[in-house]
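Only a predicted model underlies this, so the values are computations on that prediction, with no experimental measurement involved. Below, chain A is the first sequence line, B the second, and so on; all start at residue 1. The figures that follow rest on heavy atoms only: side chains count, while hydrogens, waters and symmetry mates do not.
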Number of protein chains: 2
Amino acid sequence: MKVSGNQIIERLKDKRLKVTPQRIAVLEALYTLDSHPSVEKIIEYIKKTYPNIAIGTVYKVLDVLVENQLIHRVKTEKDIMRYDGKLENHHHLYCSESDRIEDFIDEDLDDMLNEYFIKKGIAGFEIEEIKLHIKGKFKDMQ
Amino acid sequence: MKVSGNQIIERLKDKRLKVTPQRIAVLEALYTLDSHPSVEKIIEYIKKTYPNIAIGTVYKVLDVLVENQLIHRVKTEKDIMRYDGKLENHHHLYCSESDRIEDFIDEDLDDMLNEYFIKKGIAGFEIEEIKLHIKGKFKDMQ
DNA sequence: TCTTTAATGAGAATTATTCTCTTTTAAATA
DNA sequence: TATTTAAAAGAGAATAATTCTCATTAAAGA
Ligand SMILES: [Mn+2]
Ligand SMILES: [Mn+2]
Ligand SMILES: [Zn+2]
Ligand SMILES: [Zn+2]
């Protein structure tokens, strides 16, 4: 996802968040691990360079980053939360046989959906965001 | 959702599942509570007519029903699982300010999406199911 | 540099869910 | 219908992801 250290600091400052090593570490982890990681994976990654970070801090930082829309939570059918550092609009491909989740970017699709819903709307509902969850099988069973 | 007791028994038998009062009760709860209830809500509902059901049994029954595709899990960003008894193809409207989740059925949309993906496909991925997660605000703040 | 206030660390607490083991029961069979 | 048996349910303990509490630390502004 290649986001520089300076960009990370900028993003935190833009939201008027204190720039702490822990917050930087969590954002770096999310920008590096573009696999929609669980908290466990995030901690595992951070501990390589920052072995003493507290687990509770990682949870707290993730909450703050989500609240400030610097990251997103990824919806799943599981009891483990997953996180996404990618902010540009995109959809997700879910493997039906594993926990793999990949990004799916398609501007034509977005245009088609926007046009469809601008024309048609949804009675009694004000749309803020439309995401596709596409379930299936990856052909490279990576 | 109006599914009769006989239909419930039929559905269990079709899947070669033993027809137990607990399984019937869970299915009845899901057909009545069409609010994508949590396990807690399901238990609360069942206990009105079946006060001694064991919590562990409800969890087990839900797992079995999901495995047998008699119900679905609903993806959320929360640590509480939610369930859906509606089997016909549909999408979900998520309230951005509460936990409300409503069904959204739109055959034109499904046709448009099917046509789009049949034509375009997704490289390296075999699509099995496409669901929209539409986030926004319900105008009747029910 | 000093001060303030928010963030972190450590570990306990919570709680949704799972597990284990005994008892019960659905349903196939005699 | 009575018997058999494998599967399901019940009870409560265990697990584990997440949250909470509170003492300590540190970011950032004055
Ligand atoms: Mn859990
Ligand atoms: Mn949990
Ligand atoms: Zn993503
Ligand atoms: Zn639904």
Side-chain angles (χ1 to χ4, degrees), chain A residues 5-6 8-29 36-47 49-68 70-71 73-83 99, chain B residues 5-6 8-29 36-47 49-68 70-71 73-83 99:
Chain A
N6 278 347
I8 289 178
I9 290 170
E10 277 311 303
R11 290 182 184 189
L12 289 169
K13 283 188 172 163
D14 282 352
K15 299 289 183 178
R16 254 142 250 166
L17 294 173
K18 277 193 190 170
V19 178
T20 67
Q22 294 84 351
R23 285 172 175 171
I24 294 170
V26 170
L27 282 173
E28 268 173 356
H36 310 92
S38 61
V39 177
E40 193 185 15
K41 296 284 182 195
I42 294 167
I43 290 168
E44 180 185 309
Y45 179 86
I46 293 176
K47 287 219 161 165
T49 53
Y50 195 147
N52 298 318
I53 195 165
I55 289 176
T57 298
V58 175
Y59 278 99
K60 191 80 220 317
V61 166
L62 287 166
D63 285 349
V64 168
L65 296 177
V66 168
E67 278 168 31
N68 285 276
L70 287 174
I71 64 174
R73 268 192 251 273
V74 177
K75 288 199 191 79
T76 71
E77 293 173 5
K78 292 282 181 62
D79 189 33
I80 316 169
M81 214 59 71
R82 295 178 66 172
Y83 293 87
D99 290 336
Chain B
N6 279 347
I8 289 178
I9 292 170
E10 277 311 303
R11 290 182 185 190
L12 289 169
K13 283 188 172 164
D14 282 353
K15 299 288 184 178
R16 253 141 251 165
L17 293 173
K18 277 194 190 171
V19 177
T20 67
Q22 294 84 350
R23 286 173 174 171
I24 293 170
V26 170
L27 282 174
E28 269 173 356
H36 310 92
S38 60
V39 177
E40 193 185 13
K41 296 283 183 195
I42 294 166
I43 291 169
E44 180 185 308
Y45 179 86
I46 293 175
K47 288 218 161 166
T49 52
Y50 194 148
N52 298 318
I53 196 165
I55 290 175
T57 298
V58 175
Y59 278 98
K60 192 79 220 321
V61 166
L62 287 165
D63 285 349
V64 168
L65 296 177
V66 168
E67 277 168 31
N68 286 275
L70 288 174
I71 64 174
R73 268 191 252 272
V74 177
K75 288 200 191 78
T76 71
E77 292 174 5
K78 293 283 181 63
D79 189 33
I80 316 168
M81 214 60 70
R82 294 178 66 172
Y83 293 87
D99 290 335

Item to complete: Check whether any side-chain N or O of A/R23 sits under 3.5 Å from a backbone N or O of A/K18 as a donor-acceptor pair, and report yes or no.
Response: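 Yes; at least one donor-acceptor contact below 3.5 Å.
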
Worksheet item: Do the side chain of B/R82 and the main chain of B/V74 share a donor and acceptor less than 3.5 angstrom apart?
Response: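 Such a contact is absent between B/R82 side chain and B/V74 backbone.
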
Discussion item. Applying a 4.0 Å non-hydrogen cut-off, can you work out what B/V61 is touching in the nucleic acid: base, sugar-phosphate, or nothing?
Written reply: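 Result for B/V61 = sugar-phosphate.
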
Worksheet item: NA contact type, A/V64, heavy-atom cut-off 4.0 Å: base, sugar-phosphate, or nothing?
Response: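 No contact.
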
Atom [atom1] of [X] and atom [atom2] of [N]: how far apart are they, to the nearest Å?
X	N	atom1	atom2	value
A/K41	D/dA17	NZ	P	12 Å
A/R82	D/dT18	CZ	P	12 Å
A/I55	C/dA13	CD1	C1'	15 Å
B/R16	D/dA7	CZ	C1'	16 Å
B/R73	C/dT17	CZ	P	9 Å
A/I53	C/dT8	CD1	P	8 Å
A/D79	C/dT14	CG	P	19 Å

Worksheet entry | B/S/- contact track for nucleotides 22-30 of chain C, protein heavy atom under 4.0 Å | ----BS---

Using a cut-off of less than 4.0 Å, is there contact between a side-chain N or O of [X] and OP1 or OP2 of [N]?
X	N	value
A/Q22	D/dA26	no
B/Y59	C/dT18	no
A/Y50	C/dG9	yes

Evaluate the side-chain proximity of [Y] to [X]: yes if any heavy-atom separation is below 4.5 Å, no if none is.
X	Y	value
A/Y45	A/P37	no
B/V58	B/Q22	no
B/T20	B/L12	no
B/R73	B/Y83	yes

Worksheet item: When you measure from the side chain of A/M81, which nucleotide among C/dT17, D/dG10, D/dT18 comes out closest?
Response: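 That would be D/dT18.
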
Discussion item. Using a 6.0 Å cut-off, check whether atom CD of A/E77 has over 12 heavy atoms from anything other than its own residue.
Written reply: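 Yes.
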
